[in-house]
Amino acid sequence: MNLVYINSANGLSKAALETVTYAKKLGGDVAVVTNGAADAATLTTLGNYGASVVLQDNTLDGQDHGQLVQLVAAAAQKVGAQTIIFSHDLIGKAVAPRLSVRLKAGLVAGAVALPEANGNIKVNVFSGKAFGYVQVKTSQRIISLLPNSIQPENNASSCSVEAFSAQAGASAIKVLATKKPEGAIPLPEAELVVSAGRGLKGPENWGIVEDLANALGAATACSRPVADIGWRPHHEHVGQTGVAIRPNLYIAAGISGAIQHLAGVNGSKVIVVINTDAEAPFFKAADYGIVGDAFEILPRFTEAVKKFKAAQH
Amino acid sequence: MNILVCISKAPDTTSKIAFTNGDTQFDENGVQYIVNPYDEWYALVRALELKEAQGGNVTIITVGSASDDAVIRKALAIGADDAVRIDATAQDAYYTAMQISEYAKGKGFDLILTGKETIDYNGSQVAGMIAEALELPYISIATKLDVNGSTVKCEREIVGGVQEVEVATPVVISCAKGMAEQRIPNMRGIMAARTKPLNVVAPAAIDALTSYASYSMPAAKSSVKLIDPNNLDELVTLLHNEAKVI
Ligand SMILES: Cc1cc2nc3c(=O)[nH]c(=O)nc-3n(C[C@H](O)[C@H](O)[C@H](O)COP(=O)(O)OP(=O)(O)OC[C@H]3O[C@@H](n4cnc5c(N)ncnc54)[C@H](O)[C@@H]3O)c2cc1C
Ligand SMILES: Nc1ncnc2c1ncn2[C@@H]1O[C@H](COP(=O)(O)O)[C@@H](O)[C@H]1O
């Protein structure tokens with residue numbers, strides 16, 4: 001039996017559907033455990049991705065990750081889970097390592113693929129500059145899956161939803177305030193990303209970056225110096241010391257392509273580079289390149305995207 | 001306030017990544033080691049700021065061999081008071097976390113700080129494992145940290161935003177950008193580091209739960225397709241028809 005933890009507090013994210021699909025592809029039955037008050041109609045759609053049962057604890061808000069550890073441990077025991085799967089997102093990073101200690105089950109953190117024939121599981125190492133193959137020495141194992149590593153697969157089917165409680169004690173953590181920018185796409189989950197660097201010259205010029213992002217429905221990102229000097233918020237900083245992302249499309253304008261920057265984005269499926277300098281190192285990592293001035297190219301790119309979208313409808 | 005900061009070595013960010021022994025071992029040939037940036041820039045510097053403001057002691061701990069002493073001295077030069085090295089090769093995150101927990105148990109640390117992740121194995125695992133082993137609360141990926149008596153206030157990253165949370169000491173916290181600014185050690189710090197205590201401790205008997213069986217390098221990119229700067233329609237068409245990403 002495979003058990004998947006998902007956070008359904010804000011509906012079902014694509015990352016959640018990916019983890020259920022991954023569990024199904026491992027073979028065997030799939031149970032899901034979730035906290036939060038999502039309605040049963042929403043949760044039964046997980047059947048389409050391979051779940052046969054969803055265990056829901058609607059009493060836990062999920063803010064205390066220690067409670068989630070207890071929840072998943074209790075569910076694992078109930079269903080007899082051999083493999084437990086998380087998304088390698090902010091919740092998975094907080095919960096999976098603790099569960100590994102609690103169950104003494106080996107953790108594969110940041111898997112990018114299904115197990116190889118010999119059972120070893122591929123992960124990113126050296127900030128995406130290489131891959132490692134992790135062997136788990138325990139019979140029970142935990143896998144956290146990097147977002148956007150496999151596509152969700154929908155095969156119409158249904159599943160049951162059961163109330164479940166781990167009797168996790170009081171929360172050790174008090175939440176004082178939550179700040180979520182409205183409508184913004186969280187960077188690690190974004191499939192399309194438009195990013196810019198020092199070549200944009202100043203924060204007042206980011207309008208043309210945002211215009212392209214809006215036209216595409218993309219998230220925005222930036223290089224480290226741009227976040228360090230305060231042109232853009234820290235959470236947009238991608239690279240070896242920022243967020244590591246692997247979108248389907250990464251568009252980089254006015255970024256030189258330093259090795260530390262590439263480390264955070266080289267898992268992107270397709271890279272487009274816009275730079276005035278034909279010798280910029282980023283072109284070596286790019287699929288498509290435009291040698292030109294971002295101040296001219298970005299608005300033209302936005303127009304071309306708008307024209308394309310209009311023609312599609 | 002007693003603070004324990006977990007310090008890992010990491011290959012310098014410009015290191016050439018290669019493997020030996022039939023792709024089963026990282027090739028250390030010519031690799032320079034640095035203090036893992038998250039541990040140094042955020043966890044250690046914030047610990048020092050808290051100590052400077054409120055008094056206390058900052059101990060750093062590394063699970064590693066004698067060859068890691070240079071990295072430990074660098075962290076001492078930045079201002080840590082003393083260092084512990086658990087004399088063992090870090091086998092996996094579980095092994096590392098259990099060694100640190102065994103050492104920290106019963107020593108009354110108010111804060112145990114780690115970096116957000118190591119930049120070589122990128123697991124973001126060790127801190128959570130320490131928290132569970134010591135049965136302490138854990139704040140994962142904190143971008144701000146303030147302490148008032150036994151009350152800790154943190155800002156942490158959540159999916160799509162940030163959250164301010166409060167928790168009581170003792171607590172384990174993994175530290176990320178926003179918490180502090182990098183400090184460059186000065187000559188006095190470097191001199192003082194030479195004589196600060198570095199206690200070498202024998203490892204506890206722990207079995208690792210995982211191992212790296214082998215490594216591989218990503219396939220080389222085929223060369224870039226250059227697009228006419230005056231024909232962005234062509235790029236959009238290629239992204240749709242050829243790359244199939246929009
Ligand atoms: C330990 C360490 C960790 C690091 N971690 C990171 C990290 O996580 N992420 C990161 O990004 N960096 C990181 N760096 C910094 C990295 O080495 C580079 O300095 C940084 O990525 C450069 O940012 P940039 O490309 O925006 O700026 P620059 O290197 O200044 O490049 C600007 C580019 O814009 C181009 N340009 C100028 N004008 C225009 C125009 N009008 N139109 C189009 N192009 C134009 C230029 O040709 C140039 O290529 C790290 C460095 C170290 C030492
Ligand atoms: N060998 C080690 N010795 C001491 N601390 C470590 C070691 N390895 C990792 N850590 C700490 O754990 C954090 C997370 O590491 P990781 O789980 O490998 O991403 C690092 O930023 C360090 O603070």
Side-chain angles (χ1 to χ4, degrees), chain A residues 65-66 69 89-90 93-94 97-98 100-102 106-110 120 124-127 129-138 172-181 184 186 216 234 237 240-241 248-249 259-260 269-270 283 285-292 297 300-301 304-305 308, chain B residues 11 13-14 17 19 37-38 93-94 97 119-129 131-133 137-138 140-141 143 153 157-167 177-178 208-218 221 224-227 229 232-233 235-236 238-240 243 245-246:
Chain A
H65 299 129
V69 175
D89 59 11
L90 287 159
K93 285 178 189 175
R98 296 182 61 167
S100 168
V101 170
R102 174 165 292 225
L107 167 60
V108 182
N120 296 341
N124 271 346
V125 290
F126 297 97
S127 308
K129 293 172 198 161
F131 300 112
Y133 298 82
V134 179
Q135 183 185 5
V136 177
K137 301 175 178 206
T138 51
I173 284 168
K174 190 162 125 196
V175 176
L176 304 174
T178 300
K179 289 174 247 171
K180 273 194 186 185
L216 284 166
H234 283 320
H237 157 197
Q240 185 148 22
T241 51
N248 292 339
L249 174 62
I259 188 165
Q260 299 93 350
K269 295 205 171 77
V270 174
F283 284 116
D287 299 281
Y288 302 101
I290 302 172
V291 180
I297 305 294
R300 254 182 243 157
F301 199 168
V305 169
F308 164 77
Chain B
T13 52
T14 54
I17 305 301
F19 302 97
Y38 294 104
Y94 176 83
I119 60 168
D120 45 7
Y121 292 100
N122 307 101
S124 216
Q125 303 180 56
V126 169
M129 289 177 168
E132 190 68 21
Y138 171 41
S140 171
I141 313 196
T143 49
K153 259 192 204 163
E157 288 184 15
I158 56 169
V159 178
V162 292
Q163 194 171 56
E164 227 182 283
V165 297
E166 193 178 281
V167 61
K177 186 169 184 170
L209 304 182
T210 62
S211 69
Y212 280 94
S214 61
Y215 299 91
S216 70
M217 298 297 289
K221 277 254 179 197
V224 54
K225 196 177 261 184
L226 286 179
I227 309 288
L232 272 297
D233 289 332
L235 176 60
V236 171
L238 285 169
L239 291 176
H240 181 65
V245 289
I246 61 172

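In what follows, chains are A, B, ... by sequence order, proteins preceding strands, each numbered from 1.
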Region of [X] in contact with chain B, defined by heavy-atom distances below 4.5 Å:
{"X": "A/Gln135", "answer": "both"}
{"X": "A/Asp287", "answer": "both"}
{"X": "A/Val108", "answer": "neither"}

Among the options [options], pick out the one with the most heavy-atom pairs lying under 4.5 Å from chain B.
{"options": "A/Arg102, A/Lys129, A/Lys137, A/His237", "result": "A/Lys137"}
{"options": "A/Gly292, A/Ser127, A/Ala285", "result": "A/Ser127"}
{"options": "A/Arg300, A/His65, A/Gln260, A/Lys269", "result": "A/Arg300"}
{"options": "A/Leu107, A/Leu216, A/Asp89", "result": "A/Leu107"}
{"options": "A/Ala109, A/Gly289, A/Ala304", "result": "A/Gly289"}

[X] and [Y]: which non-hydrogen atoms are nearest, and at how many Å?
{"X": "B/Pro11", "Y": "A/Phe126", "value": "CG-CE2, 3.8 Å"}
{"X": "A/Val270", "Y": "B/Ala243", "value": "CG2-CB, 3.8 Å"}
{"X": "B/Tyr138", "Y": "B/Gly128", "value": "CE2-CA, 3.5 Å"}

Given heavy-atom pairs under 4.5 angstrom as the criterion, report whether the side chain, backbone, both or neither of [X] touches chain A.
{"X": "B/Val236", "answer": "side chain"}
{"X": "B/Tyr38", "answer": "side chain"}
{"X": "B/Ile141", "answer": "side chain"}
{"X": "B/Tyr121", "answer": "both"}
{"X": "B/Leu226", "answer": "both"}
{"X": "B/Lys225", "answer": "both"}

>> Do A/Tyr133 and B/Ser216 have side chains that approach each other closer than 4.5 Å (heavy atoms only, starting at C-beta)?
In response: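 A side-chain contact exists here, since the closest heavy-atom pair is under 4.5 Å.
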| Mind checking whether B/Leu232 and A/Ile290 have side chains closer than 4.5 Å, heavy atoms only? | yes
When rounded to the nearest 0.5 angstrom, what is the spacing between [atom1] in [X] and [atom2] in [Y]?
{"X": "A/Thr138", "Y": "B/Leu209", "atom1": "OG1", "atom2": "CG", "value": "5.5 Å"}
{"X": "B/Ser211", "Y": "A/Asn120", "atom1": "OG", "atom2": "CG", "value": "7.5 Å"}
{"X": "B/Ile158", "Y": "A/Lys179", "atom1": "CD1", "atom2": "NZ", "value": "10.5 Å"}
{"X": "B/Ile246", "Y": "A/Phe308", "atom1": "CD1", "atom2": "CZ", "value": "5.0 Å"}
{"X": "B/Tyr94", "Y": "B/Thr210", "atom1": "OH", "atom2": "OG1", "value": "11.0 Å"}

Out of [options], which one racks up the most heavy-atom pairs below 4.5 Å with chain A?
{"options": "B/Pro37, B/Gly161, B/Ala131", "result": "B/Gly161"}
{"options": "B/Val126, B/Asp233, B/Thr14, B/Thr143", "result": "B/Asp233"}
{"options": "B/His240, B/Lys177, B/Met217", "result": "B/Lys177"}

Notebook entry, point to check: Can you tell me if NZ on B/Lys221 sees more than 12 non-hydrogen neighbours from other groups inside 6.0 Å?
Noted result: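 Enclosed: over 12 neighbouring heavy atoms sit under 6.0 Å from NZ of B/Lys221.
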